[in-house]
Structure formats: structure tokens, C-alpha cells
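These numbers come from a predicted model, not from an experiment.
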Amino acid sequence: EAAASTAPVRFVCLYAQSQTVFPTTLYSFPALERLSLRHTGLVVLPNDIDKLPKLLWLDLGENQLTELPTTIGELPALTTLYLSDNRLATLPVAIGNLQALRYLNLDRNALAALPPQIAGCRNLVWLRLGENKLATLPQELQGLSNTLQRLYLRGNPLPTNEIQKIRQWLPKTQVIF
């Protein structure tokens, strides 16, 4: 009798499933690469999120998150992170440790500032920051001038002089105000 083999779980989608608490059963899928907890009512992302080190794509949009654990920066393979439509007022400085990150969506949160360490996301191609409370951006974003292709800032209270600075810092980037 041949032993049954099962393929490792690589994708889990719990879209619109009521999950106000992070389902720790996900840690039993060490090969997990794509996880969607969009529109679940999630309130807290646990500190041990780094137990999913193979995550490439994480969708936490349309939830009730008010903060992220510093361990979010310990997901070395993460290339795509959706955090739109939450209640984030700040980001941990560890966000800058996400060196593989290419796409970051933070639209429709309550961000009034970005940590300068966000420039540590050296491979960032798209950064969405629409409809937050940003009146300024960290000068360190200049460090992304060769990789960042699109920066979406519509719906932020950016004064004219700040818009001019951003355009100077990122001359090759399509910036949408």
C-alpha cells in the first residue's frame, strides 16, 4: 500500500469569513506563500506572524487593524502587502526590513507620517498611500528613486511645497496627487 502524499498548502483565502482573531492554525502550513484575510474583521495581527517565513503575498485589506507588530519586518520573502482600508495610524520601523517588497498598499488608513525606514524597502515598485493624513513624506524616499515606478498620494493634505519636493526626490516615478 503506497502512502498517501499531500501537496503542501501554499494559498489560503478566507475572504469575508469572520475572523476577528488571527487563525493560528495557519502556522501548521509552513509552505504557505499566499494568504488573504481581506474583509474578515481582523483586529490584531499577532507578533508571531513571522512563523510564516515563506509568505510572498499577504492581503489584510478591509479590516480593523490599528497597528502592525514589529515582526512584520521578519517576512523575508514578502513581495506584496495589502493593508488598505484599515485604521493604521503608524507603521513599525521594521517595515523597512522587507527588502523583497515590491508592492505596498496603504490606501485609506489614518497615517499621518511614514517612518524613514520605509526607504529600506529597496525593491519597492508601487507604493499606494491614498486617502491618509500625510502632509509630508520622509526625505529618505529619495533612496527609492531608481526602483519606485508609481507613488499614489491622492486624498492627502500635502501642501504645494511638499509636492514639489516629492517630484524632485523621485523624478522617474509617476506620482499621482
Side-chain angles (χ1 to χ4, degrees), residues 15 22 34-46 49-50 55-177:
Y15 176 82
F22 188 86
R34 293 173 56 98
L35 173 61
S36 177
L37 293 172
R38 177 174 284 277
H39 195 66
T40 59
L42 189 66
V43 177
V44 175
L45 191 62
I49 187 68
D50 59 335
L55 271 182
L56 299 170
W57 185 89
L58 179 58
D59 185 353
L60 300 170
E62 298 178 40
N63 282 300
Q64 307 300 315
L65 298 172
T66 57
E67 63 182 357
L68 297 174
T70 58
T71 52
I72 193 79
E74 296 174 28
L75 297 172
L78 197 65
T79 61
T80 304
L81 180 56
Y82 293 95
L83 291 163
S84 61
D85 300 287
N86 276 284
R87 298 177 180 172
L88 299 170
T90 61
L91 294 175
V93 297
I95 197 93
N97 296 340
L98 297 174
Q99 305 243 333
L101 196 65
R102 295 180 55 77
Y103 184 88
L104 177 58
N105 188 334
L106 290 158
D107 285 348
R108 293 174 297 283
N109 276 282
L111 296 169
L114 293 179
Q117 292 83 354
I118 199 162
C121 300
R122 293 273 176 221
N123 289 301
L124 203 58
V125 175
W126 283 43
L127 177 56
R128 292 191 60 97
L129 297 165
E131 297 178 49
N132 278 283
K133 299 176 180 180
L134 298 166
T136 185
L137 292 180
Q139 185 174 353
E140 288 78 1
L141 279 181
Q142 301 183 77
L144 300 177
S145 65
N146 289 322
T147 56
L148 192 63
Q149 294 174 8
R150 290 203 175 107
L151 175 60
Y152 187 82
L153 291 165
R154 186 167 287 151
N156 283 288
L158 291 159
T160 305
N161 64 328
E162 189 67 18
I163 291 171
Q164 290 169 345
K165 278 196 280 185
I166 294 165
R167 285 192 170 130
Q168 289 172 354
W169 296 342
L170 302 167
K172 300 175 193 170
T173 303
Q174 178 187 13
V175 184
I176 301 162
F177 295 102

Looking at Asp85 and Gly61, would you say the former's side chain and the latter's main chain have a donor-acceptor pair under 3.5 Å? no
Contact between Gln149 and Gln174 at the side-chain level, heavy atoms closer than 4.5 Å - yes or no? no
Quick check: are there more than 12 heavy atoms from other residues, nucleotides or ligands sitting under 6.0 Å from CD of Glu67? no
Quick one: CD on Glu140 to CG on Leu114, what's the gap to the nearest 0.5 Å? 10.5 Å
Spatial distance of atom CG (Asp59) from atom OH (Tyr15) [nearest 0.5 Å]: 9.5 Å
Does the side chain of Lys172 come within less than 4.5 Å of Asn146's, by heavy atoms? yes
Rounded to the nearest 0.5 Å, how far does CG of Leu75 lie from CG of Asn97? 10.5 Å
Start with the C-alpha gap between Arg154 and Ile176, add the side-chain angles, then the distance that decides, and say whether side-chain contact (heavy atoms from CB on, under 4.5 Å) holds. CA-CA 6 Å; Arg154 186 167 287 151; Ile176 301 162; 3.4 Å; yes
Non-hydrogen side-chain atoms of Leu151 and Leu137 separated by less than 4.5 Å: yes
Rounded to the nearest 0.5 Å, how far does CZ of Arg38 lie from CD of Glu62? 4.5 Å
Shortest non-hydrogen pair, Leu141 vs Ala119, comes out as N-CB, 4.3 Å
Going through the distances and angles, do Phe177 and Arg167 end up as a side-chain contact (heavy atoms from CB on, under 4.5 Å)? CA-CA 11 Å; Phe177 295 102; Arg167 285 192 170 130; 3.5 Å; yes
Could you tell me the separation between the CD1 atom of Ile118 and the CG atom of Leu106, rounded to the nearest 0.5 Å? 6.5 Å
What's the shortest heavy-atom distance between Leu45 and Leu60, and which atoms? CD2-CD1, 3.8 Å
Rounded to the nearest 0.5 Å, what separation is found between the CG atom of Leu129 and the CZ atom of Arg108? 11.5 Å
Only one of Thr66, Leu68, Leu65 passes side-chain contact (heavy atoms from CB on, under 4.5 Å) with Asn86, and that residue is Leu65
Of all the heavy-atom pairs spanning Pro69 and Pro46, show the shortest one and how long it is. CG-O, 3.4 Å
Knowing that exactly one of Val125, Leu81, Asn123 qualifies, which makes a side-chain contact (heavy atoms from CB on, under 4.5 Å) with Leu101? Leu81
Just do the side-chain contact (heavy atoms from CB on, under 4.5 Å) check on Val44 and Phe22 with the steps written out, would you? CA-CA 7 Å; Val44 175; Phe22 188 86; over 6 Å; no
What is the minimum heavy-atom distance between Asn132 and Leu111, and which atoms define it? OD1-N, 3.1 Å
Fit a plane to each ring of Trp126 and Tyr103, take the angle between them on a 0 to 90° scale, and name the class: parallel (under 30°), tilted (30 to 60°) or perpendicular (over 60°). tilted
Within the side chain of Asp107, is there an N or O that forms a donor-acceptor pair under 3.5 Å with the backbone of Ser84? no
Looking at Arg122 and Leu144, what are the two nearest heavy atoms and their distance? CA-CD2, 4.0 Å
Just so I know, are the side chains of Pro92 and Ile72 near enough to count as touching, which here means a heavy-atom distance under 4.5 Å? yes
So, for Pro76 and Ala100, which heavy atoms are closest and what is the spacing to 0.1 Å? O-CB, 3.5 Å
